[in-house]
Amino acid sequence: MSAVAALQAAGMTATLDFLGEDVTSRAEAERTRDAYRVLLDAIRERNFTANVSLKLTAMGLLFDEDLAANSLREIVGLAARNPDPFVRIDMEGSALVDATLRVFETVYAESPHVGPVLQAYLKRTPQDVERMIELGARVRLCKGAYAEPPSIAYRDMPAIRQAFLRCAEALLERGHYPGIATHDERLIGAVERFVRERGIARERFEFQMLFGVRPELQRRLVAAGYRLRIYVPYGTHWAGYFYRRITERPENVLFALRSLLAR
Ligand SMILES: Cc1cc2nc3c(=O)[nH]c(=O)nc-3n(C[C@H](O)[C@H](O)[C@H](O)COP(=O)(O)OP(=O)(O)OC[C@H]3O[C@@H](n4cnc5c(N)ncnc54)[C@H](O)[C@@H]3O)c2cc1C
């Protein structure tokens, strides 16, 4: 909560994520749901305009889709009492995209305050972008953080960037308040040029970045008048998240060690 307060004071918003994924028992799935109850209360008590992000496999998607959908439904219901009622569903490995989007659409039919993440590296994503535009759903667009085979995903950075930009342009022009989630200055620069040329107002989208990554770039975007939301993960089940950050960027080992030593 103190990290969120500091971000708000710096002109940024936050999305909070209780770390955890791939749970295999009902008890663990319910523990995750309960953690979100506590989190939403804490946000509301402080009147923060922060929202939450969650992973459906932390709520049982791997063994009971209905359990995950019911937990999401409950969390969306509780979030409705908060200053920012939005709930973001993180996207996980490619085997889970269909189930994740299915659960999303079920709950979205009952409340508009929920939205998925789409990963630009997946070759299917332009179709998913069109579906979300048709639904008027709020999408977070990111590159994608899982090791996927070349049959279904772009693996080289120029192709991923090109796919990201194509999807970002569609969402910015025709979508509903997209979150452009990247620390990639080339992509951020291209998005800045695109919105300038097309006259897209800064209130119609937000940039998103991870807590602690490229803080100078974060400050620059806020100073330039853009909306910026920071993803703040917390909790003891940090291994999966940490491992993905390390594999996409080995320098993050040093970054993490420096942060620990600075405490
Ligand atoms: C808000 C948010 C939510 C996300 N949610 C999901 C999700 O639901 N599902 C999913 O699969 N992925 C998610 N991701 C991760 C995403 O898919 C990418 O794996 C991750 O953002 C890295 O890609 P990038 O676009 O930032 O570019 P990169 O190419 O990784 O980084 C761009 C540049 O940023 C700089 N940089 C990156 N990290 C550091 C660092 N630690 N220190 C200093 N410089 C650095 C480097 O100069 C690098 O060249 C999310 C990312 C963000 C920002």
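Counting convention: from 1, in listed order, for ligands and their atoms alike.
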Could you tell me, for ligand 1, which of its N or O atoms are under 3.5 Å from any protein N or O, listing the pairs and their distances rounded to 0.1 Å?
unit_1	atom_1	unit_2	atom_2	d
ligand 1	5 (N)	Arg140	NH1	3.1
ligand 1	8 (O)	Met91	N	3.0
ligand 1	9 (N)	Met91	O	2.8
ligand 1	11 (O)	Gln119	NE2	2.9
ligand 1	11 (O)	Ala145	N	3.0
ligand 1	17 (O)	Gly144	N	2.7
ligand 1	19 (O)	Glu248	OE1	2.5
ligand 1	25 (O)	Lys143	NZ	3.4
ligand 1	25 (O)	Thr182	OG1	2.6
ligand 1	26 (O)	His183	N	2.9
ligand 1	26 (O)	His183	ND1	2.7
ligand 1	27 (O)	Lys143	NZ	2.8
ligand 1	29 (O)	Lys143	NZ	2.9
ligand 1	34 (O)	His183	O	3.3
ligand 1	38 (N)	Arg249	NE	3.2
ligand 1	41 (N)	Asn252	OD1	2.4

Is it possible for you to say whether Leu67 and Phe104 belong to one hydrophobic cluster, with membership spreading through side-chain heavy-atom contacts below 4.5 Å?
no
Is it true that the NZ or CZ of Arg202 lies under 6.0 Å from the centre of Tyr226's six-membered ring and within 45 degrees of the ring axis?
yes
Geometric cation-pi criterion, Lys143 with Phe164: 6.0 Å, 45°
no
For Gln208 and Glu206, run side chain to side chain donor-acceptor pair (under 3.5 Å): C-alpha distance rounded to whole Å, both residues' side-chain angles, the deciding distance at 0.1 Å, then the answer.
CA-CA 6 Å; Gln208 298 188 352; Glu206 63 187 25; 2.7 Å; yes
Taking the six-membered ring for Trp and the full ring for Phe, Tyr or His, determine whether the centres of Tyr154 and Tyr121 are under 6.0 Å apart.
no
Is the Lys NZ or Arg CZ of Arg227 less than 6.0 Å from the centre of Phe207's six-membered ring, within 45° of the axis?
no
